[in-house]
Participant: 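Have a look at the structure that comes next, please.
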Amino acid sequence: MTDSFSNLSLAPTLARAVAEMGYESMTPIQAQAIPVVLTGQDVMGAAQTGTGKTAAFSLPLLQRLLKHENPSTSPARHPVRALVLLPTRELADQVAQQIKMYAKYTQLRSAVVFGGMDMKPQTLELKKGVEVLVATPGRLLDHIEAKNAVLNQVEYVVLDEADRMLDIGFLPDLQRILSFLPKQRTTLLFSATFSPEIKRLAGSYLQNPITIEVARPNETASTVEQRFYAAQDDDKRRVIRKVLDDRGIKQAFIFVNSKLGCGRLARSLEREGLRTAALHGDKSQDERLKALEAFKKGEVDLLVCTDVAARGLDIKDVPAVFNFDVPFNAEDYVHRIGRTGRAGASGLAVTLVSPSDARLVGDIEKLIKKKLEVETLQLDTRPAGPAPEKWGERAEDRPRSRASEGRRREHDPRDALDAPHERRGGFRPAPINRDPFFQKPYEPAATDVPPSWEPSGPKTVRSSISANIKPKRKVAALFKSGE
DNA sequence: AAAAAAC
């Protein structure tokens with residue numbers, strides 16, 4: 001077997017840990033990346049999540065740390081020799097835990113630092129000395145400024161979820177961190193998606209990189225069944241319930257685009273009797289951890305989350321992912337649905353599409369190079385009542401419909417719980433909410449928008465409609481009367 | 001149109 005770990009001649013200490021974890025054969029990304037990383041060359045690696053990416057870079061990295069002692073450091077000191085950067089705290093934690101397991105029988109020490117936790121224990125660990133440091137950017141900069149972390153001996157730097165690390169929100173911090181590292185070093189970049197812009201930008205951080213692509217990048221796992229259902233906002237929860245019922249699905253991730261919407265949707269579902277937890281960046285780290293744990297243990301069935309949970313989280317057996325909101329970036333769609341159908345399991349990804357989302361669906365279609373059909377799911381309990389509300393109206397102005405009557409308040413005091421939990425600011429630049437690497441300016445064609453956005457009449461139900469060509473018009477048409 | 005990442 002050529003793809004066996006035993007053919008790698010890993011250090012016995014590493015081989016033992018790998019064997020103990022039950023790994024025998026390598027995944028494709030491991031089989032391709034490990035030999036290259038062992039040579040010390042720069043790597044740009046594209047691989048779906050759930051394909052063993054972490055082992056693909058950490059095993060050869062640990063091997064090199066073991067075999068190639070840095071001559072400029074005395075054995076008594078333990079400078080940081082490898083730095084692994086990730087875009088979310090949960091990911092940093094997860095990757096750090098894996099590295100700890102791989103390094104279990106070596107003398108190499110590792111540590112993880114991220115925000116939302118007390119600095120002191122992290123500082124103590126850093127002062128003891130670690131060879132491998134896993135971190136999120138903000139907290140790492142704190143430790144650098146406090147002189148807790150000295151990075152001038154770093155030989156290897158890994159940017160996981162590299163497309164996110166290189167986007168405008170992270171780039172200033174990342175550049176600052178990189179400015180503390182020696183120029184002479186190995187740089188490894190890994191991501192499930194690589195847009196051409198990111199590839200170009202990444203090139204400026206790499207020296208003669210070897211490109212490794214296992215699954216074609218930006219391609220979604222073939223084990224995931226992808227569905228797009230047209231739904232007005234008020235119907236979305238019922239569509240979710242119906243899909244869960246029809247398919248007998250117990251657990252799911254539900255992605256939304258905003259933190260406020262996350263808390264609200266979680267409470268709505270909870271009120272409807274579903275066991276739900278919310279996960280977003282304004283929750284305390286403790287709440288974030290608890291939400292994730294509760295979902296892993298099966299104490300809650302639905303995890304309503306923002307894109308904080310879109311990348312890399314390795315939770316076994318998530319049978320379904322719902323996109324309550326269509327993601328603003330098509331790349332995020334690929335990452336979100338990557339939460340299901342992991343490691344060869346089958347998964348379901350349902351995206352709920354409202355008329356204004358048509359362009360976003362078109363973007364997704366282009367990215368994954370797959371023809372998408374927006375279907376209408378017949379809701380069993382839908383009363384054959386009056387015409388649906390106008391699309392243009394604000395939800396608050398509309399008469400309350402059906403079951404939500406009297407239950408909803410315009411200002412739920414618990415929304416205050418979703419207020420920023422931690423202070424942000426300081427030297428960070430003002431938030432820029434556009435992402436030039438991913439966003440292309442949208443200029444509607446003359447024919448793109450219907451002349452008048454009429455209130456819709458009785459909704460016609462169609463079995464399916466192709467969003468392949470001019471998706472904006474097609475999907476919008478789905479909501480228009482009598483077409 | 002948003003989210004993420006620090007005290």
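So that the names make sense, note that chain A is the first sequence line, chain B the second, and so on, each numbered from 1.
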Participant: Could you check how far CG of A:Asp307 sits from C1' of B:dA5, rounded to whole Å?
Facilitator: 14 Å

Participant: Once you round it to whole Å, what is the distance between C1' of B:dA4 and CD of A:Glu331?
Facilitator: 16 Å

Participant: Pick base, sugar-phosphate or nothing for A:Asn257, based on heavy-atom distances below 4.0 Å to the nucleic acid.
Facilitator: sugar-phosphate

Participant: Report the nucleotide, chosen from B:dA2, B:dA1, B:dA3, that has the shortest atom-to-atom distance to any side-chain atom of A:Arg359.
Facilitator: B:dA1

Participant: Atom CZ of A:Phe324 and atom P of B:dA2: how far apart are they, to the nearest Å?
Facilitator: 16 Å

Participant: Any side-chain N or O of A:Thr306 under 4.0 Å from OP1/OP2 of B:dA4?
Facilitator: yes

Participant: What nucleotide among B:dA1, B:dA2, B:dA5 has an atom nearest to a side-chain atom of A:Ser258?
Facilitator: B:dA2

Participant: Roughly how many Å is it from CZ in A:Arg89 to P in B:dA5, rounded to a whole number?
Facilitator: 5 Å

Participant: Give the nucleotide from the list B:dA2, B:dA4, B:dA6 with an atom nearest to the side chain of A:Lys259.
Facilitator: B:dA4

Participant: Quickly work out the A:His280 NE2 to B:dA4 P distance and round it to whole Å.
Facilitator: 8 Å

Participant: May I have the step-by-step check of side chain to side chain contact (heavy atoms under 4.5 Å, CB included) for A:Gln122 and A:Asn148, ending in yes or no?
Facilitator: CA-CA 9 Å; A:Gln122 298 176 358; A:Asn148 299 331; over 6 Å; no

Participant: Under 3.5 Å, is there an N or O donor on one side and an acceptor on the other linking the side chain of A:Asp332 and the base of B:dA3?
Facilitator: no

Participant: Holding to side-chain contact (heavy atoms from CB on, under 4.5 Å), I want the full list of residues that pass it with A:Gln97, two or more places apart in sequence or in another chain.
Facilitator: A:Asp93

Participant: Can you tell me how far P of B:dA3 sits from NE2 of A:His335, to the nearest Å?
Facilitator: 18 Å

Participant: Taking side chain to side chain donor-acceptor pair (under 3.5 Å) as the test, write out the residues that go with A:Thr54, two or more places apart.
Facilitator: none

Participant: Answer yes or no: does a side-chain N or O of A:Arg288 lie under 4.0 Å from OP1 or OP2 of B:dA3?
Facilitator: no

Participant: Please state how far atom CG in A:Leu174 lies from atom C1' in B:dA5, giving the value in whole angstrom units.
Facilitator: 11 Å

Participant: Within the structure provided, determine whether A:Thr88 and A:Arg311 are in side-chain contact (heavy-atom separation under 4.5 Å).
Facilitator: no

Participant: To the nearest angstrom, how far is A:Phe170 atom CZ from B:dA6 atom C1'?
Facilitator: 12 Å

Participant: Side chains of A:Gln175 and A:Tyr205: any donor to acceptor distance under 3.5 Å?
Facilitator: yes

Participant: Answer yes or no: does a side-chain N or O of A:Thr136 lie under 4.0 Å from OP1 or OP2 of B:dA6?
Facilitator: yes

